[in-house]
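Whatever order the structure lists ligands and atoms in, that order sets their numbers, starting from 1.
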Amino acid sequence: MKIITGNWKMNGSVAELEIMINAMQSINTKNKVIICVPFTMLGKKSDKISIGAQDVSSHENGAYTGEVSAKMLMDANAEYVIVGHSERRQYHSETNDTVKQKAKCAIESGLIPIICIGETMEEKQAGKTMKIIESGLRESIPADVKADVIVAYEPRWAIGADLTPTIDEISKTHTFIANILENMGLTGTPILYGASVNGSNAAEIMSIPNVDGVLVGGASLKPDNFLPIIESV
Ligand code: PGA
């Protein structure tokens, strides 16, 4: 069983989500399928797809205009939430500390956070990939809160870039991540790979040890692109 997660980012509509949910009825898979949609598309329920959000407030409730709390996401039938996506880190200056707080709020309300980490091209070129990954894991995961979490490794330079690391690179980073998680007492935490996953590379990427699934952006928007990824494993 693999975890195939779509991240719709700021794309789609309620009608398009309905099309995806209907298209999913035709496939027979043992894989777990999650789609993380913009807040306005939450509220849907499907027996084949779990719905997630893409962000959550780091506050429980109160005077935070425009923010959406973990409890509200639960109330809108979300089961998962992406936290610390690189676009939130880049455009909204989210730090590991903020991400940890958000993940904590998610867990305390019963959501499963999908915690994203990954290095920029600059960090990669400076040979800092493993250092960034390790601090990302240790500082973003609220390991004191014993609950299910999912980790997504997304090399930031490969997102939406039609570019993926080599199989060997993915293998090395995922093994490294699994070791750190074990050291943190989080053995068995699913580790997703994300960045430029599509129908042609999904099966090979998911055959790598310690790759428990994928987080798919662009190729998750249309059933024609997303379903082949789900059916590839
Ligand atoms: P991509 O995005 O698949 O379009 O590269 C992945 C992500 O940002 O989660």
Sidechain N-carboxylate O distance under 4.0 Å for Asp168, Lys172: yes
For ligand 1, which part of Ile159 has a heavy atom less than 4.0 Å away: the side chain, the backbone, both, or neither? both
What distance separates Trp8 CH2 from Leu221 CG, expressed to the nearest 0.5 Å? 6.5 Å
Element-labelled atoms of ligand 1 that are located less than 4.0 Å from some non-hydrogen atom of His85: 7 (C), 8 (O), 9 (O)
When you measure from atom 7 (C) of ligand 1 to every protein heavy atom, which one gives the shortest distance, and what is it? Glu154 OE2, 3.1 Å
Ala70 and Cys105 have their tightest heavy-atom pair at CB-O, 3.4 Å
Identify, for atom 4 (O) of ligand 1, the protein heavy atom at the shortest distance, and state residue, atom and that distance. Gly218 N, 2.9 Å
So which pairs with a foot in residues 102-116 pass side-chain hydrogen bond (donor to acceptor under 3.5 Å, both in side chains), sequence neighbours left out? Asp55-Lys102, Glu94-Lys102
Per-atom contacts, ligand 1 versus Ala195 - under 4.0 Å to a heavy atom: 5 (O)
Which is closest to atom 5 (O) of ligand 1 in terms of heavy atoms, Cys36, Gly160, Gly217? Gly160
Pull out every atom of ligand 1 sitting under 4.0 Å from any heavy atom of Lys9, numbered as shown with elements. 2 (O), 7 (C), 8 (O)
Identified side chain to side chain donor-acceptor pair (under 3.5 Å) counterpart of His85 within the set Gln54, Glu154, His92: Glu154
Between Lys44 and Glu18, is there a salt bridge with N-O shorter than 4.0 Å? yes
Sub-4.0 Å atoms of ligand 1 with respect to non-hydrogen atoms of Asn7: 9 (O)
